[in-house]
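Reading through the structure tokens given below for one structure.
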Amino acid sequence: MRRSGSLVVLLLSLTLAWAAGEPAQARSGQTDGTVGIRLIDAPQNRADDPRARLYIVDHLAPGSSINRRVEVANHTDAPQHVELYAAAASIDDGGFRFGEAREANELAGWTRVAPGTLDLQPEEKGTATVTIDVPKDAREGERYGVVWAEMQAVASEDQAIGAINRVGVRMYLSVGVGGEPATDFEITDIEGRRDEDGNPVVAAIVRNIGGRAVDLSGELRLSNGPGGLSAGPVPAEAGTTIAKGQSGPVLFILDPALPPGPWVAQIKMRSGNTSREASGTVTFPDERGGVTEGELKDAGKMVPLIAGGIVGVLLLSWFFFWFFVRRRKKNRDEEDAT
């Protein structure tokens with residue numbers, strides 16, 4: 001018997017592809033299979049940019065438009081009704097963030113997906129065209145969004161929970177007159193840390209000094225460790241996206257048995273076809289609250305301030321002592337004169 005007023009739970013599956021050509025997939029609410037979405041085509045001038053094979057990445061002048069095709073595949077064992085639409089996204093705190101439900105922003109408002117729905121049988125694929133029309137009065141800057149493929153399972157007598165699953169393709173659109181802003185970043189610091197589980201972590205602090213957001217990947221190698229040990233290559237934790245003018249850490253999580261160091265850390269980082277390298281010495285703090293190398297650097301910067309403060313106190317004390325002695329001598333001279 002179906003319960004009246006059953007709660008419909010919204011389960012958002014936000015799985016995106018990370019390897020070129022690999023479709024994003026989500027669990028269907030009705031079967032144990034998956035539904036995936038992927039970008040079919042990319043602009044010729046971005047053939048060497050791996051991001052452009054995964055996401056809609058482009059630079060457009062105000063008043064222009066582009067078309068991109070996406071493919072949706074039903075790998076479940078049941079028919080699926082799929083709704084296609086564009087919604088808001090942003091970059092914050094080192095990550096690509098999706099808006100709530102069908103929340104819109106400028107880019108989503110400029111984007112149309114046709115057809116808006118696909119009805120797919122098991123193992124059937126369908127295509128749709130994503131059109132982005134940039135208004136003539138659009139201001140310069142980069143916008144972010146996502147093209148969603150959404151499936152909804154209807155609650156039944158046996159299961160009073162419905163689920164909304166959606167998978168998507170990200171959009172990175174730069175708007176401006178003339179050439180595209182350069183993609184560039186720098187590794188400003190390398191720190192040794194420990195995570196909440198006590199694992200040693202190398203954090204590469206990256207600052208975006210270009211004109212477009214960067215999706216960062218990379219690898220770490222450790223050398224000249226205790227007893228001549230070396231380690232790596234270790235891949236970076238996936239999912240770090242940094243907007244123009246922002247900074248954030250890219251993390252490399254290491255084996256818990258790794259000695260504290262010191263180690264020489266060599267890092268190679270890339271976003272699309274832009275890559276940078278950096279090296280430095282790291283030591284991992286102990287699990288009893290030791291500080292990171294970065295914190296040690298900050299403490300080192302405080303030493304001159306502390307030393308200067310001590311000198312100032314000593315000089316002030318000497319002044320008062322001198323003043324007190326002179327005052328007493330003057331009083332004695334005055335008493336002798338009387």
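Values below: all heavy atoms of this structure, side chains included; hydrogens, waters and symmetry mates excluded. One-based numbering along the sequence shown.
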Check your understanding: Any side-chain heavy atom of His75 within less than 4.5 Å of one from Glu123?
Key -> yes
**Study point:** Closest non-hydrogen atom pair between Ala265 and Leu220, with its separation
**Key:** CB-CD1, 3.9 Å
Point to revise | Min side-chain heavy-atom separation Arg221-Ser230 under 4.5 Å | key: no
Practice item. Indicate, with yes or no, if the rings of Phe96 and Tyr172 have centres closer together than 6.0 Å. Key: yes
Study note, to complete from the structure: Note: Gly211 and Glu142 closest approach over all heavy atoms is O-OE1, 4.4 Å
Review point. Quick one: does Leu173's side chain get under 4.5 Å of Ile56's, heavy atoms only?
Key: no
Study note, to complete from the structure: Heavy atoms of Leu39 and Ala52 approach each other most closely as CD2-O, 3.4 Å
Check your understanding: Pairs in or reaching into residues 270-282: which pass salt bridge (charged side-chain N to carboxylate O under 4.0 Å, His left out), with residues at least two apart or in two chains?
Key -> Asp184-Arg276
Exercise for review: Report yes if the side chains of Ile91 and Tyr144 come closer than 4.5 Å at any heavy-atom pair, otherwise no.
Suggested key: yes
Study note, to complete from the structure: Tightest non-hydrogen contact, residues Pro226 and Pro259, listed as CG-CB, 3.8 Å
Point to revise | Nearest atoms (heavy-atom pairs only) where Val134 meets Ala138 | key: CG1-CB, 3.6 Å
**Study point:** Contact check, side chains of Met171 and Ile132, non-hydrogen atoms, under 4.5 Å
**Key:** yes
Revision key, fill the gap. Closest non-hydrogen contact found for Ile190 with Ser279 is CD1-C, 3.7 Å
Study note, to complete from the structure: d(Met151 CE, Trp148 CH2) to nearest 0.5 Å is 10.5 Å
**Study point:** Euclidean distance, Asp58 CG relative to Arg46 CZ, rounded to 0.5 Å
**Key:** 5.0 Å
Check your understanding: Does Glu124 offer a backbone N or O that forms a donor-acceptor pair with the side chain of Asn74 under 3.5 Å?
Key -> no
Point to revise | Donor on one side chain, acceptor on other, Asp215 and Thr241, under 3.5 Å | key: yes
Point to revise | Exam field: side chain Arg143 to backbone Gly141, donor-acceptor pair closer than 3.5 Å | key: yes
Check your understanding: Quick one: does Arg194's side chain have a donor or acceptor within less than 3.5 Å of a partner on Pro285's backbone?
Key -> yes
Check your understanding: Any side-chain heavy atom of Ile66 within less than 4.5 Å of one from Leu60?
Key -> yes
Practice item. Compare all side-chain heavy atoms of Val175 with those of Glu140 and state whether any distance is below 4.5 angstrom. Key: no
Which side-chain N or O atoms in residues 109-122 pair as donor and acceptor under 3.5 Å with protein atoms at least two apart or in another chain?
from, atom 1, to, atom 2, distance (Å)
Thr111, OG1, Leu107, O, 2.7
Arg112, NH2, Asp133, OD2, 3.0
Asp119, OD1, His81, ND1, 2.7

Check your understanding: Is a side-chain donor or acceptor of Thr188 paired with a backbone partner of Ile205 at a separation under 3.5 angstrom?
Key -> yes
Check your understanding: Would you say the side-chain atoms of Asp197 pair up with the backbone N or O of Asn199, donor to acceptor, closer than 3.5 Å?
Key -> no
Exercise for review: Would you indicate whether the side-chain heavy atoms of Arg212 and Val57 approach each other to under 4.5 Å?
Suggested key: yes
